[in-house]
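Below: the structure, in structure tokens.
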Amino acid sequence: MQLVDQKKRSSQEELEPVLYAALIDSMCQNFWPMLFGSVCSAVAALLTALKTGNVWLWPCAVLIIGIGTIRAFQMRKYERRTAVLTFEQAKHWEPRYAIGAMIYAGVLGVWCFLTIFGNDDAVAHMVCVAVTIGYTAGGAARNYGSPKLIQYHILLACGPMSLALALHGGFYYVGLAVLLVLFFIGLKGINLSLHAIFVKALTSSFREAALAGQFDTALNNMPHGLCMFRADGRLAVMNHRFSEMMNLSDKLVQRGGSASDIIDACVSAGSISAPSGRMILAEIENTQTRDMITTDPDIARNRSLSWTFQPMAGGGAVVLLEDITERRDAEARISHLARYDELTELPNRVNFRDEIGRLLSIQQGADQLSALLFVDLDQFKQVNDTLGHPCGDQLLCAVAGRMREMLRPEDFVARFGGDEFVVFQQNIRSHEDAAVLARRIVDRLSERYRIDNHLVEIGASVGIAMTTAGVSADTLLKNADMALYRAKADGRGTFCFFREEMAQTVEARRILELDLRKALANEEFELFYQPLVNLKSGRIATCEALLRWNHPVRGTVSPIDIIPVAEDMGLIVDLGRWILRKACMECMKWPEAVSVAVNFSPQQFHQRDVLSEVRYALEVSGLPAHRLEIEITESSLLRNTQITHDVLSQLHSLGVRISLDDFGTGYSSLSYLHNFPLQKVKIDRSFLEGIDTDRPLTLLRGVARLSADLGMSVVVEGIETTEQLELISADGAVTEAQGYLFSRPVPAVRIRQLLNASHGRRAPDDQLIAVSSRSIA
Ligand code: C2E
Ligand code: MG
Ligand code: MG
């Protein structure tokens, strides 16, 4: 609103100099009336001079014709100018005109005064009064541009005349003088209203011109082409953009023409095709708002134009034209991105799902068989990690290329993300065809790749699901995925068909996951404890906390079944926290010399706040840090080596002991023993196999000796017989032993009894016979 007011004000200010110039212009263009008027007035003055014999009137006649002629030629000079009168020029012309007009009026006044005063010639009186009044009336009409000037004119020309009439005396002369004064007042009023009308007309015409100019600028600068047709179908307006987009000549635009002329010209210019032209014409004549899109007849240009037809109130139509080529291309690019994988240019998951859905809906017949092959690359992650992502990307493109080459045109391949590809093999005769393709995929993808001068080898696993009547795309994908899971579990580099029992396994796993969540919430878990016996003292040095799940239907579930699922679900972090706190609290109930060992999963170990978790568990339970042992496996050490090292060091500086569990089952890297701050090594019970023969015993003793020499306690797990115990403890390198021989994992209540027995608070228990017998021995 403020902006609009400001605009109004500024246009008013602009208008005033222009208006002033226009008013001056209106006064200065009267050569012929001026010349003719002055000749007539001069003749009249001559007549009065002749009639009255007053010699003073002769110079009046000369002055009238002289001044009149000068003024007339001034006007002629003015009229000969070609340029529009500017404000500055108007200021120059105005005084010239005004001075001339006033001198002229003054001379007329003097002439009247001399004729009337001191003279009784009624004819002469009539002549001079008539001419002066006539001239004044004409001046009032002509000089509406300057009301002030006409006032001076009346004063100078008619003042002396009225004065002379009044001085002449006599009823009629005085009466005429009075009437003339009234007449002049009226004349002044007419002049003022003429002035006002003219100013108003000029103002609005300027406004309209300014508006038209602005409209024109807007019209020619808008991004759309615009064309307006009148009710009779003829062109009213066309902007520059329209003619430019349609490649029309300026002549045609100036000539105007009918809608069909314009459209014909567009067709001839090659901007639209003839059928499009016919449709556009029909729409212009239509009375409804419509849109349409035309494409360029020139395929190389490949231009898309959007036409909007808007009928106007009194007939006719407005046509808006927009070049939407860029927008259309951008939309096409976006839709391509949404449906294709940017890297490999293969269809993506969404595209594949839709396409398979469509193909399955067509493929109704039971005799038509197709297969969906879910392909997953093996060792792709390693390539990414070792050679970097750009190499990984190139590898994926190479894989996509090989897949494309292998398939028939009717088969459909997509990238599902990461290193997953999916193939829909249509219309095959039997399972065998799918198996053949799967084998070829595995073999071909396993061949060497050359990526940036690196020779890369990967493998592939394939899960296959065959179509059945009415199967949905989602089910097919899910089934192939399950089959892939199995193929990978079977050792990778192979393929596997989906079987119904896989779905059952998956379903069972899903239920297990649900049950596990509930179990954690309902505290259905329990910790059992298994002692680690110090071989020198024969006493229990540590008890290992082992998870048990008492399920109302499943019975007691082994941690071997729980832990991997909890790890996959991410539940292990919460579960691990519960185990840690529970074990620490339980340990507080044991003799001070006994520690508790808690197993940590790699995932749990790598959570960010593992340190604060341990600190908190110690704090709430009140357990001194040296009574807590954390058992980790080699897989925990494998990931993020530096971070792992730091966390272990921090735990160690807290006073917590770290023990390497199941040593010998994984990489059994001796460098781990050296590089990480470990205080205990637990040699896996698989080392006990064939221990009664030379080689395994030597191996076990070697590992034990090495660990002992590195300053670590050595535990052997899974001791079941006294013979095993004898053999491992013979050379003194093994410090502790754990196994059924001493005790199976037992509930918390039972471990307390065992501990009391081991630490001499109560009679020895039968389960501790082996310890007792050794300690006795
Ligand atoms: P582990 O940490 O090596 O625990 C020792 C496993 O060996 C226990 O099995 C124990 O019952 C078994 N065992 C001990 N002595 C003998 C023996 O003389 N002969 C035989 N055949 N087995 C023996 P369990 O309780 O079934 O636990 C299996 C694994 O589950 C554990 O191996 C550990 O890796 C994991 N686990 C158990 N509890 C937890 C837990 O609270 N957290 C985590 N992260 N893992 C746990
Ligand atoms: Mg353990
Ligand atoms: Mg173990």
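When a ligand or atom number is given, it counts from 1 through the structure's own listing order. The structure displayed is predicted, hence computed values, not measured ones. Keep in mind that the numbers below use all heavy atoms, side chains included, and drop hydrogens, waters and symmetry copies. For the single chain, residues carry numbers from 1 onward in sequence order.
Counting non-hydrogen atoms of neighbouring residues, nucleotides and ligands closer than 6.0 angstrom, the OH atom of Tyr616 reaches no more than 12 such neighbours. Within 6.0 Å of NZ on Lys488 lie more than 12 heavy atoms contributed by other residues, nucleotides or ligands. Heavy atoms of other residues, nucleotides or ligands lying less than 6.0 angstrom from CD of Glu689 number 12 at most.
The closest heavy-atom contact to atom 10 (C) of ligand 1, among the options Arg548, Gln530, Glu720, comes from Gln530. Across the listed options Phe742, Phe600, Tyr740, Tyr740 owns the non-hydrogen atom lying nearest to atom 16 (C) of ligand 1. Distances from atom 37 (C) of ligand 1 to the heavy atoms of Ala583, Gly739, Pro559 show the closest one on Pro559.
Using a 4.0 Å cut-off between charged side-chain N and carboxylate O, Arg685 and Glu717 make no salt bridge. Of the charged side-chain nitrogens involved, none lies within less than 4.0 Å of a carboxylate oxygen, so that Lys680 and Glu631 do not count as a salt-bridged pair. Of the charged side-chain nitrogens involved, at least one lies within less than 4.0 Å of a carboxylate oxygen, so that Asp568 and Arg509 count as a salt-bridged pair.
The line from OG1 of Thr721 to CD of Glu726 is 9.5 Å long, rounded to the nearest 0.5 Å. Atom CD of Glu526 is separated from atom CH2 of Trp549 by 14.0 Å, given to the nearest 0.5 angstrom.
The aromatic rings of Phe352 and Phe416 stand perpendicular to each other, their planes meeting at an angle above 60°, with 30° marking the opposite boundary. Between Tyr529 and Trp590, the two ring planes are perpendicular [angle over 60°; tilted spans 30° to 60°].
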Let me see the working for Glu629 and Ser595 under side chain to side chain donor-acceptor pair (under 3.5 Å), right down to the final yes or no. CA-CA 7 Å; Glu629 259 178 41; Ser595 305; 4.9 Å; no
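Distances from atom 20 (C) of ligand 1 to the protein include at least one heavy-atom value under 4.0 Å. Closer than 4.0 Å to atom 32 (O) of ligand 1 lies none of the heavy atoms of the protein.
The OD1 atom of Asp662, the Mg ion (ligand 3) and the OD1 atom of Asp661 define an angle of 90° (nearest 10 degrees).
Distance from atom 42 (N) of ligand 1 to its nearest protein heavy atom, with residue and atom name: Asn599 O, 3.4 Å. With hydrogens left out, the protein atom closest to atom 7 (O) of ligand 1 is Arg685 NE, 4.4 Å, a heavy atom. Of the protein's non-hydrogen atoms, Pro745 CG, 3.2 Å is the one closest to atom 11 (O) of ligand 1. With hydrogens left out, the protein atom closest to atom 6 (C) of ligand 1 is Leu546 CD2, 4.7 Å, a heavy atom. The protein non-hydrogen atom at the shortest distance from atom 3 (O) of ligand 1 is Asp662 OD1, 2.9 Å. Closest to atom 38 (N) of ligand 1 among all protein heavy atoms lies Leu547 N, 3.0 Å. Protein heavy atom at the shortest distance from atom 41 (O) of ligand 1 is Ile579 CD1, 3.2 Å. Counting protein heavy atoms only, atom 29 (C) of ligand 1 is closest to Ile560 CG1, 4.2 Å.
Only the side chain of Ile563 comes within contact range of ligand 1, with a heavy atom under 4.0 Å; no backbone atom does. Heavy atoms of Leu741 found under 4.0 angstrom from ligand 1: none, in either backbone or side chain. Only the side chain of Asp661 comes within 4.0 Å of ligand 1, counting heavy atoms alone; its backbone N, CA, C and O stay farther away.
Distances from the Mg ion (ligand 2) to the N/O/S atoms of Glu544 are shortest for OE2.
Side-chain N/O atoms of Ser461 and Asp378 include a donor and acceptor closer than 3.5 Å.
Ligand 1 has no atom lying under 4.0 Å from any heavy atom of Arg744. Heavy-atom distances between Gln738 and ligand 1 stay at or above 4.0 Å for every pair.
Within the 4.5 Å cutoff, the side chain of Val462 has no heavy atoms near those of the Leu484 side chain. Residues Asn479 and Leu477 are not in side-chain contact: their nearest non-hydrogen atoms beyond the backbone lie 4.5 Å or more apart.
The Mg ion (ligand 2) does not have Ser659 among its coordinating residues (no N/O/S atom, backbone or side chain, under 2.8 Å). Within the 2.8 Å limit, Glu631 places no N, O or S atom next to the Mg ion (ligand 3). Among the atoms of Glu717, an N, O or S atom falls under 2.8 Å of the Mg ion (ligand 3).
For ligand 1, the atoms sitting less than 4.0 Å from at least one non-hydrogen atom of Ser601 are 44 (N), numbered in the order shown with element in parentheses.
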